[in-house]
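Worksheet: one structure, shown below.
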Amino acid sequence: MTRKHSVLLKEEKCEGCTNCVKGCPTKAIRVHQGKAWIKEDLCIDCAECIRACEYHAKYTKTDQLEKIVKTSDYPVLLIPPSFYSQFSAEISSQKIKKAIQNLGFRAVFDVAEAAAALSRKTLDFLNNNQGSYISTSCPVIVRLIKLQFPDLIEMLIPLKSPVELIAERIERKFKEEKNINPDIFFLTPCPAKLTTVNRAIGQKESFLSGAIGVENIYQKIYESLADIELKTEAGRVITLATIWGSEGGEEGILKSWQELNTLSVSGIKEAKKLLNEIERNNIPDAIRYFELTSCTNGCIGGVLNVINPFQAQFNLEERIKKIREITQAHNLDFEKDDDQFYNFALSESITADNVSKLDSDFKKAMQKLEQLQKEIDILPGLDCAACGAPDCKTFAEDVVNGRASRADCIFMLRKQLGKLADDLSILAHELPPVMASQKEESDDS
């Protein structure tokens, strides 16, 4: 069975604290009977719940190195720009790649090369099309738009992500030139990119065979670096598009070529605020391109990374300086002959997620809508999340759909208990009819 999401739950570790409930940007998590559960239709694999959970009840399960090496005839690994931020700039990219190959991969490629090509194609697209566009490189942002901002789907630039671009090119190249069907894996900093392996966006299927979390392979690479001696550090210099790994990297590359009004925002909460403003037409039309990333500080802030994102930012900046010194250039070369080998266009349209909040039956949905408003009116409106839902409106939806009861709200429960106590107090001071009749006769005599 195809796994729908990469963010998973260990119920036995859940303490029902509701931290994940309050932090979920799509209100996909509830806590009932002291345990969390994830509403799959609303999950976008942003991993905010993984960050928030102190008990490690939320996790992601990526492919394992040992299994890949054992079962794959020709495993290939794609390195994202953000991965180099996990190492000091003194450790060359060639040494890191050699360490990866020593683990059992037959070939290693940099996603940064496809990122540079995509930036060139993006600039060409913007120059030949009117309007403003949103980058499709972060799968979490695309899923958020599909789910909560369907009117903005037309703003998504119809181009593949760098990972899919280079995976498709490698697959075609190996088949045509070597008659090899490679198994292509991605070294992912976040669960969302693992999800795209099974649920591709704008494509019938992904060109990736799987993905390995950085945390699952980092230590093995780091420990082997000291034993690696290269005859020469010469060779293909990694592209300056490595800057894609941090916040504003894509924006910086575009601006290095042409004066362009762009806006870069990182962090799911801030990105969601910006999307709200775009939807309300509160953003100037002069801004042509929006680079939005779910993780704070960009992909270097991915939850599956190992190094502190601020240290990672420093490492990446130092590495970029070294690349510029080696190439004796301050900007990426704009013209590249091999861009023609990439197939940039998405093969399918990106469509909205059809999520029915109340009922698929229109008549029942209208009845539930009426009931929903009544439930909202009687709730306190404090959005405290003590009930296990993120806010009172969501809690009311759960009540209407039979997933919760009013008694789950501590304020409603206290109100019911108060009324019961009042009723008991009144009852305590009243006599049963028979005893009351006897008392009246006694009084008369």
Side-chain angles (χ1 to χ4, degrees), residues 1-11 13-14 16-33 35-62 136-150 152-153 156 161 188-202 206 208 210-211 213 267-272 275-276 292-296 299 301-304 350-358 360 385 387-391 393-395 397-398 401 403-404:
M1 180 182 291
T2 299
R3 194 166 68 190
K4 189 173 183 180
H5 291 289
S6 299
V7 173
L8 307 173
L9 172 68
K10 293 180 181 177
E11 284 194 14
K13 289 191 173 184
C14 179
C17 66
T18 73
N19 284 338
C20 58
V21 172
K22 291 180 281 189
C24 180
T26 59
K27 304 178 183 179
I29 306 178
R30 310 285 193 278
V31 172
H32 289 314
Q33 305 299 320
K35 298 293 182 181
W37 62 277
I38 302 173
K39 191 174 181 181
E40 289 197 345
D41 288 346
L42 299 180
C43 179
I44 56 175
D45 294 290
C46 64
E48 288 301 301
C49 57
I50 295 178
R51 301 180 200 276
C53 185
E54 298 179 1
Y55 304 99
H56 306 289
K58 314 294 189 308
Y59 72 106
T60 189
K61 185 177 181 181
T62 65
T136 54
S137 294
C138 177
V140 173
I141 298 300
V142 177
R143 292 193 184 105
L144 179 63
I145 292 174
K146 282 162 54 66
L147 181 67
Q148 295 190 339
F149 303 92
L152 302 185
I153 289 179
L156 290 170
S161 69
T188 182
C190 71
K193 289 186 172 67
L194 174 61
T195 304
T196 59
V197 176
N198 296 319
R199 297 172 60 211
I201 299 174
S206 173
L208 296 170
I268 189 67
K269 292 182 179 178
E270 297 305 318
K272 189 173 178 179
L275 290 172
N276 271 311
L292 308 181
T293 53
S294 170
C295 298
T296 303
C299 290
V303 71
L304 300 183
I350 298 176
T351 57
D353 288 336
N354 185 21
V355 178
S356 177
K357 292 186 177 181
L358 295 177
S360 57
C387 62
D391 52 50
K393 183 178 183 297
T394 306
F395 175 67
E397 290 178 5
D398 288 347
N401 285 317
R403 299 191 188 98

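The chain is numbered in sequence order, starting from 1.
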Can you measure from [atom1] ([X]) to [atom2] ([Y]) and round to the nearest 0.5 angstrom?
X: Lys27; Y: Lys22; atom1: NZ; atom2: NZ; answer: 15.0 Å
X: Arg403; Y: Trp37; atom1: CZ; atom2: CH2; answer: 5.0 Å
X: Asn19; Y: Ile29; atom1: CG; atom2: CD1; answer: 10.5 Å
X: Tyr55; Y: Cys14; atom1: OH; atom2: SG; answer: 9.5 Å
X: Thr26; Y: Lys39; atom1: OG1; atom2: NZ; answer: 10.0 Å
X: Cys20; Y: Ile50; atom1: SG; atom2: CD1; answer: 11.0 Å

Nearest heavy-atom pair of [X] and [Y]: which atoms, and what distance?
X: Ile350; Y: Gly202; answer: CG1-CA, 4.2 Å
X: Ala200; Y: Ser206; answer: CB-N, 3.6 Å
X: Leu304; Y: Cys190; answer: CD1-C, 3.7 Å
X: Cys49; Y: Val7; answer: SG-CG1, 3.4 Å

Suppose the criterion is side chain to side chain donor-acceptor pair (under 3.5 Å): which pairs have a residue in residues 41-54, not counting sequence neighbours?
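Sorted result for residues 41-54: Lys4-Asp41, His5-Asp45, Asp45-Thr195, Glu48-Arg51.
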Give a yes or no on whether the backbone of [Y] and the side-chain of [X] come within a donor-acceptor separation of less than 3.5 Å.
X: Ser6; Y: Ala192; value: no
X: Lys10; Y: Tyr59; value: no
X: Lys58; Y: Leu9; value: no

List the steps, then state whether side-chain contact (heavy atoms from CB on, under 4.5 Å) holds for Leu194 with Thr62.
CA-CA 7 Å; Leu194 174 61; Thr62 65; 3.7 Å; yes
Below 3.5 Å, can you tabulate the donor-acceptor pairs from side chains in residues 136-147 to any protein atom, sequence neighbours excluded?
{"residue": "Thr136", "atom": "OG1", "partner": "Leu159", "partner atom": "O", "Å": "2.8"}
{"residue": "Ser137", "atom": "OG", "partner": "Ser135", "partner atom": "OG", "Å": "3.4"}
{"residue": "Lys146", "atom": "NZ", "partner": "Thr351", "partner atom": "O", "Å": "2.7"}
{"residue": "Lys146", "atom": "NZ", "partner": "Asp353", "partner atom": "OD1", "Å": "3.2"}

